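Because the structure is a prediction, the values reported are computed rather than measured.
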Amino acid sequence: MKVICDGLDLSDAVMKVSKAMAVKAANIVLEGIKLTAINDSLILTATDTELTIEKTIKADVLMEGETVVVGKYFVDFVKKLEKEQVELSQLYDGQLEIKYSDSVSELQVFSAEKFPIITAEKEDNSFILSVKEFKDLVEKSTLACSTDDSRPILKGCLFEINKGELTIVALDGFRMSVIKKQIKGTGEFNAIIPSRTLNEINRLIESEEEDIKVCLQQNNLYVKVNNTIIYSRLIEGEFVKYNHILPTSFENVVTVNKLNLLNSIERAAIVAKNDRYNVVKFDIKENSMSVCAKSEIGAVNENIPVNLKGKDIIIAFNGKYLTEYLKIVGDEFINLNLNSSIDPCIITPVDNKDFIYLVLPIRING
């Protein structure tokens, strides 16, 4: 293998694929980055067998071939070559020769034959969204994913496609996000996609002026965007029956300006942050809601205007769960749909019923 490429292109590609490199793997080749020189391209691939990222860059290929370079050293090395023209050559003694300016360096390589072979299956089940829509859906869903390894199925988002409608669901035991979107796609199917994969796709997207095609197979996800291909294993198992969790009617509906509520909760959270549960209490009356927090640091008690349909109610939440939602919802006004101080609260934008956010309250005394 012998190839010449731009140092900036190489560094950018290495940074992107390195997100899928394994750390302290039993198979050391998984800690590497595969380099494939073919036609007029250099293809870089990294995988931990759960997530695979493949990036293609333009290159002058003098000799086709492939090898696997030790990942963490290659990452650090090419970051220093962004302003250089770089020549990569596989040597017969098991080294990768790197030429730049008037300098020559070498790094250890492994046989590409030991690297996992990863290919896309047929694309029977797929859907298309604009990149902007995809990023918005991922942001609104993954915030509610669990990070607890003891319940791996909750570390992913359920994607349900039925009659041209995509429903995405995520929950962690304390909150739940449900988003619906009309899509262009084929088939009717369910899949649980790891939140890590979805967030990596969002980070890899460079332009919002295009569409993204998401292909789902029985056990794998395949996405191509910006000359980058992402493969991922899906999470196996049966997802929570989320429809059984959502209340169907409410005794109280509180309409409030999103920005007013966010600013007030953030100030209260400064006082509440030393509390284990970041407790912020709402005392809701006809035209006013008191936002309160108290700890050994001090106390906050602010009033913001609301419109209440129903009866007075006092309820408390983990402030972190509310601020994370309020920062991503784009609507000016939201509804807090409540039944009692111990029942789940359903939050929806006033003018958009396709984004439902459920959060469990915290039991308080008084």
Side-chain angles (χ1 to χ4, degrees), residues 135-136 138-147 170-179 195 199 202 250-352 355-366:
K135 293 183 73 170
D136 180 63
V138 169
E139 189 176 29
K140 287 177 178 177
S141 57
T142 55
L143 88 161
C145 284
S146 175
T147 57
L171 70 156
D172 62 5
F174 303 98
R175 54 185 168 167
M176 179 169 69
S177 179
V178 182
I179 310 108
S195 61
N199 287 322
N202 261 10
F250 303 95
E251 295 182 10
N252 309 288
V253 178
V254 183
T255 304
V256 59
N257 179 280
K258 178 205 72 173
L259 191 57
N260 287 346
L261 181 59
L262 173 61
N263 291 337
S264 190
I265 293 174
E266 287 188 321
R267 287 188 287 267
I270 295 171
V271 171
K273 65 183 178 182
N274 276 14
D275 180 88
R276 179 182 176 187
Y277 298 106
N278 301 298
V279 177
V280 176
K281 184 173 72 173
F282 296 165
D283 187 351
I284 306 168
K285 295 182 170 58
E286 183 178 358
N287 295 311
S288 176
M289 177 165 69
S290 175
V291 180
C292 313
K294 187 176 182 180
S295 70
E296 66 273 12
I297 297 174
V300 170
N301 191 329
E302 297 188 4
N303 290 307
I304 56 176
V306 300
N307 178 37
L308 170 63
K309 294 180 180 178
K311 56 187 179 181
D312 297 351
I313 186 171
I314 297 174
I315 192 168
F317 299 99
N318 184 318
K320 172 176 176 285
Y321 296 157
L322 295 179
T323 56
E324 288 183 347
Y325 164 81
L326 294 170
K327 285 179 179 179
I328 64 170
V329 67
D331 299 66
E332 184 178 2
F333 289 92
I334 60 168
N335 286 335
L336 307 178
N337 302 282
L338 306 163
N339 281 319
S340 75
S341 61
I342 60 173
D343 289 320
C345 169
I346 299 293
I347 310 177
T348 57
V350 169
D351 297 322
N352 180 8
F355 180 23
I356 299 170
Y357 186 71
L358 177 150
V359 59
L360 295 180
I362 296 174
R363 291 177 181 266
I364 55 173
N365 297 320

Mind running side-chain contact (heavy atoms from CB on, under 4.5 Å) on Ile334 and Thr348 for me, showing each step along the way?
CA-CA 6 Å; Ile334 60 168; Thr348 57; over 6 Å; no

In Å, rounded to the nearest 0.5 Å, how long is the span from CG of Leu360 to CG of Asp172?
9.0 Å

Please examine the side chains of Phe282 and Ile314, heavy atoms only from C-beta on, and report whether any two atoms are closer than 4.5 Å.
no

Has Phe174 got more than 12 heavy atoms of other residues, nucleotides or ligands less than 6.0 Å from its CZ?
no

Would you call Glu332-Lys258 a salt bridge at under 4.0 Å N-O?
no

With a 6.0 Å cut-off (strictly less than), is the heavy-atom count around OH of Tyr277, excluding the residue itself, greater than 12?
no

When you compare the side chain of Lys320 with that of Arg175, does any pair of heavy atoms fall below 4.5 Å?
yes

So, does Asn278 use its side chain to make a donor-acceptor pair with the main chain of Gly319 at under 3.5 Å?
no

Using salt bridge (charged side-chain N to carboxylate O under 4.0 Å, His left out) as the criterion, list what pairs up with Lys273, not counting sequence neighbours.
none

Please tell me if the side chains of Val300 and Val291 come closer than 4.5 Å, counting only heavy atoms from C-beta onward.
no

Apply the test side-chain contact (heavy atoms from CB on, under 4.5 Å) to residues Ile284 and Leu338: give CA-CA distance (whole Å), side-chain angles for both, the deciding distance (0.1 Å), then the verdict.
CA-CA 11 Å; Ile284 306 168; Leu338 306 163; 4.0 Å; yes

Within the 4.5 Å heavy-atom criterion, are Asn263 and Glu302 side-chain neighbours or not?
no

Between Ser177 (side chain) and Lys140 (backbone), is there a donor-acceptor pair under 3.5 Å?
yes

Checking Asp283 side chain against Ser290 main chain: does a donor-acceptor pair fall under 3.5 Å?
no

How far does OG of Ser340 sit from NZ of Lys311, to the nearest 0.5 angstrom?
8.5 Å

Report the C-alpha separation of Met289 and Leu261 in whole Å, then their side-chain angles, then the decisive distance to 0.1 Å, and conclude whether the side-chain contact (heavy atoms from CB on, under 4.5 Å) test is met.
CA-CA 9 Å; Met289 177 165 69; Leu261 181 59; 3.5 Å; yes

Taking the side chain as every heavy atom from C-beta outward, state whether Val359 and Cys345 have any pair of such atoms under 4.5 Å apart.
yes

Side-chain donor/acceptor of Asn335 to backbone N/O of Asn337, under 3.5 Å
no

Please tabulate, for the side chains in residues 303-310, all donor-acceptor contacts under 3.5 angstrom to protein atoms that are two or more places apart in sequence or on a different chain.
none

Are the side chain of Asp343 and the backbone of Asn339 linked by a donor-acceptor contact shorter than 3.5 Å?
no

For the pair Val350 and Asn352, evaluate side-chain contact (heavy atoms from CB on, under 4.5 Å) and give the outcome as yes or no after the intermediate values.
CA-CA 6 Å; Val350 169; Asn352 180 8; over 6 Å; no

Value for CG (Leu143) from CD1 (Ile328), rounded to nearest 0.5 Å, stands at 4.5 Å

Just verifying a value: how many Å separate Glu324 CD and Leu262 CG, rounded to the nearest 0.5 Å?
11.5 Å

Nearest heavy-atom neighbours spanning Ser141 and Ala170:
O-CB, 3.2 Å

Taking atom types as modelled, find out whether Thr323 and Glu266 have a side-chain donor-acceptor pair closer than 3.5 angstrom.
no

Are Asn318 and Val279 close enough that some pair of their side-chain heavy atoms sits under 4.5 Å apart?
no

Taking all atoms of both residues into account, what is the closest heavy-atom pair of Pro349 and Asp331, and its distance?
CB-CG, 3.4 Å

Smallest separation among heavy atoms of Ile315 and Ser341, with atom names
CG1-O, 3.8 Å

Could you give the distance from OH (Tyr357) to CG (Leu171), rounded to the nearest 0.5 Å?
11.0 Å

Heavy-atom side-chain contact between Leu326 and Ile265 under 4.5 Å
yes

Lys135: what forms a side-chain hydrogen bond (donor to acceptor under 3.5 Å, both in side chains) with it, not counting sequence neighbours?
none

Does Leu259 offer a backbone N or O that forms a donor-acceptor pair with the side chain of Asn257 under 3.5 Å?
yes

Check for me whether the distance between the ring centres of Phe317 and Tyr325 falls short of 6.0 Å.
no

Using a 3.5 Å distance criterion without hydrogens, assess whether the side chain of Thr142 forms a donor-acceptor pair with backbone atoms of Val138.
yes

Ile347 side chain reached by Ile356 side chain, heavy atoms, under 4.5 Å
no

Interatomic spacing from OG1 in Thr255 to CG in Leu336 - rounded to 0.5 Å:
8.0 Å

